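Notes for the one structure printed next.
Note: hydrogens, waters and symmetry copies are ignored here, and every other heavy atom, side chains too, is used. If you're wondering where the values come from, they're calculated on a predicted model, not measured in any experiment. Sequence lines set the chain letters: A, B, ... in the order given, protein chains first and strands last, and positions in each chain run from 1.
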Amino acid sequence: MPTKIEKDSVTGRETTGHEWDGLKELNTPLPKWWLYVFYLTIATSVLQFVLYPSFSYGPGYLHGVLGYTTRQEVDQDVAKIVAKRKADMDKIGTLSFAQIKADPKLLEVALVDGKQVFASNCQPCHGAGGGGNPGYPALAAGAWIWGGTLDAIQKTVTYGVRSDDPNARTSAMPAFGAGLLTQPQIQAVADYVWVTFYGNKADGRDVSEGAKVFNANCAVCHGVKGEGNKLMGAPRLASQVHLYGNTREAIMAQVMGPKMGVMPAWNTRLDPATIKAVTLYVHSLGGGE
Amino acid sequence: MAFRNEFFEKNAIFLLVGTLLTVAVGGIVEVVPVFTVETTVEKVQGMRPYSPLESRGRDIYVREGCYTCHSQQVRTLRDEVERYGHYSIAAESMYDHPFQWGSKRIGPDLARVGGKYSSDWQYAHLKNPQELVPESLMPRYAFLAETPLQTYDTVARMKTLRMVGVPYTDEQITSAESDLRTQSDPTADQTKLLARYPKAVTVPGNGTPTEMDALVAYLQMLGTLVNFADTNTERLRQ
């Protein structure tokens, strides 16, 4: 309770009049600079309330005098960067791959752009630098299923593999375990593939029976020498890099009930010029044909 | 005489009225915009409530705390729009209770992850993220593939969502259990499911989904419903 306002004899200031066991409190005003900054912030908030979108009510909201929206701002930001890239991206979009490669500066732009796009879209499956993952082809090692030429890569990226796109690349290997081959035949053909194409030691196994089964059932797509067929999307077997692993068990599993991977069509997310840029990047990783 | 705090300190009734007025202003500023929240939801084509399997997958997403690392909101920033696609709009989360916008971005934003990767990839990645992305910090969720999805309360959950404003039709509720089986059985006829829930993604299985099946069905539809080719910022404005 304020009892008696009085002047403090030491500082010459007024007290609050409060007293606790003989202690009195000085009534020191706020510093002037602090007070004016505080008033300024209030004035600024009123100004912002008027200039920018602020309060929503009944049928809508106060749009503000400037008509600012973050959505318009991001549209402008994107338009600005697109305009900046336009000259190069138009060239990449319209020129042929050979023409782009003949222009070192343009090729560099395409590869830098392609690398960015690869990192945020392709890398989760195909691995950093196209190193591949189980079930996802190693692009850098040239383990192409549908072809590693620039045109083939462009088509695969655009339409995907077994995607929803009507132009998607698609192939189907029969499940030979579902009655087409007997268990001993499957073991025999797995032995044959493992020894002949995967380069393992026969260790006294007779693979001639497996060879017969292979030539009768598998060679039509995978080739007599296991060379694969890129037109059909039949993977090359005579190789050191295999989609689902190098073991005999992996071969058996694949013959019995094959896994068939899916790649999304990227034409829904990337524009044609960007797809060409990422194609050039993928081709440059070391496996390009 | 200058106006002093003392005036309120000495007159309890004025203190009471003054306090009431101040709190009332604060309250109105916070409450009034909520009354008109519908006006902030853009009118767009394509939004629909979650299918029963997606809705259950969303429950798993929330239960496992995916939102503590993954946001579901492409912000209006150039780098995000370039990386993830069109910025998120309010209409896209109008059937979310609660929304999953999130504020922690340890992992990538998932608002537009639907269809970005194959379902096979989603399964393999959920089971062991480091197998596919060596530098990933994400924990393994292999147990979800071993856990059968609890489905006895599917209808009850949908009815609850309807009570808080999700416009499930009676038909959608009566066919919930069959829709849930159909979406996890690629051999089943998907026509009716897709009529009720356009763009629903069927996951592999035999009609008795695991928790992971539900989660993948949910992830594979995220951000795919609105066709942004048909719209632009001007038309989205209310």
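Applying a 4.5 Å heavy-atom cutoff, the residues of residues 80-88 of chain B that approach chain A are B:V81, B:E82, B:R83, B:Y84, B:Y87, B:S88. Interface residues of residues 196-220 of chain B toward chain A, defined by a heavy-atom distance below 4.5 Å: none.
Other residues, nucleotides and ligands place no more than 12 heavy atoms under 6.0 Å from the CZ atom of A:R13. More than 12 heavy-atom neighbours from other residues, nucleotides or ligands sit within 6.0 angstrom of CZ on B:F228. Other residues, nucleotides and ligands contribute at most 12 non-hydrogen atoms within 6.0 Å of the OH atom of A:Y159. Heavy atoms from other residues, nucleotides or ligands lying under 6.0 Å from CZ of B:F143 number more than 12. Within a 6.0 Å sphere centred on CG of A:L66, heavy atoms belonging to other residues, nucleotides or ligands number more than 12. Within a 6.0 Å radius of CD in B:E64, more than 12 heavy atoms belonging to other residues, nucleotides or ligands are found. Residue B:F35 qualifies as open at atom CZ: its count of foreign heavy atoms under 6.0 Å is 12 or below. Enclosure of atom CD in A:E108 is not indicated, since only 12 or fewer non-hydrogen atoms of other residues, nucleotides or ligands lie within 6.0 angstrom.
Comparing A:D77, A:V161, A:T268 by heavy-atom pairs within less than 4.5 Å of chain B, the highest count is held by A:D77. Between chain A and the options B:D79, B:V34, B:V29, heavy-atom pairs under 4.5 Å are most frequent for B:V29.
Heavy atoms of A:D75 lying under 4.5 Å from chain B belong exclusively to its side chain. The contact between A:T69 and chain B is made entirely by side chain atoms (from C-beta outward), counting heavy-atom distances below 4.5 Å. For A:D164, no part lies near chain B; criterion is any non-hydrogen pair under 4.5 Å.
In this structure, B:E131 and A:P134 approach most closely via the heavy-atom pair OE2-CG, 3.7 Å. In terms of heavy atoms, A:P264 sits closest to B:S118 at CG-N, 4.3 Å. Considering every non-hydrogen atom in both B:I28 and A:F55, the closest pair reads O-CZ, 4.4 Å. In this structure, B:D120 and A:M260 approach most closely via the heavy-atom pair OD2-O, 3.9 Å. Taking every heavy atom of both residues into account, A:V74 and B:R78 meet most closely at CG2-N, 3.7 Å.
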B:I89 vs A:R71, test: side chain to side chain contact (heavy atoms under 4.5 Å, CB included). Steps then yes/no. CA-CA 10 Å; B:I89 58 174; A:R71 291 175 174 186; 3.7 Å; yes
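Counting only distance, with no hydrogens or angles, the side chain of B:W121 and the backbone of A:P124 share a donor-acceptor pair below 3.5 Å.
Here the CG atom belonging to B:L77 is positioned 9.0 Å from the CD atom belonging to A:E73, to the nearest 0.5 angstrom.
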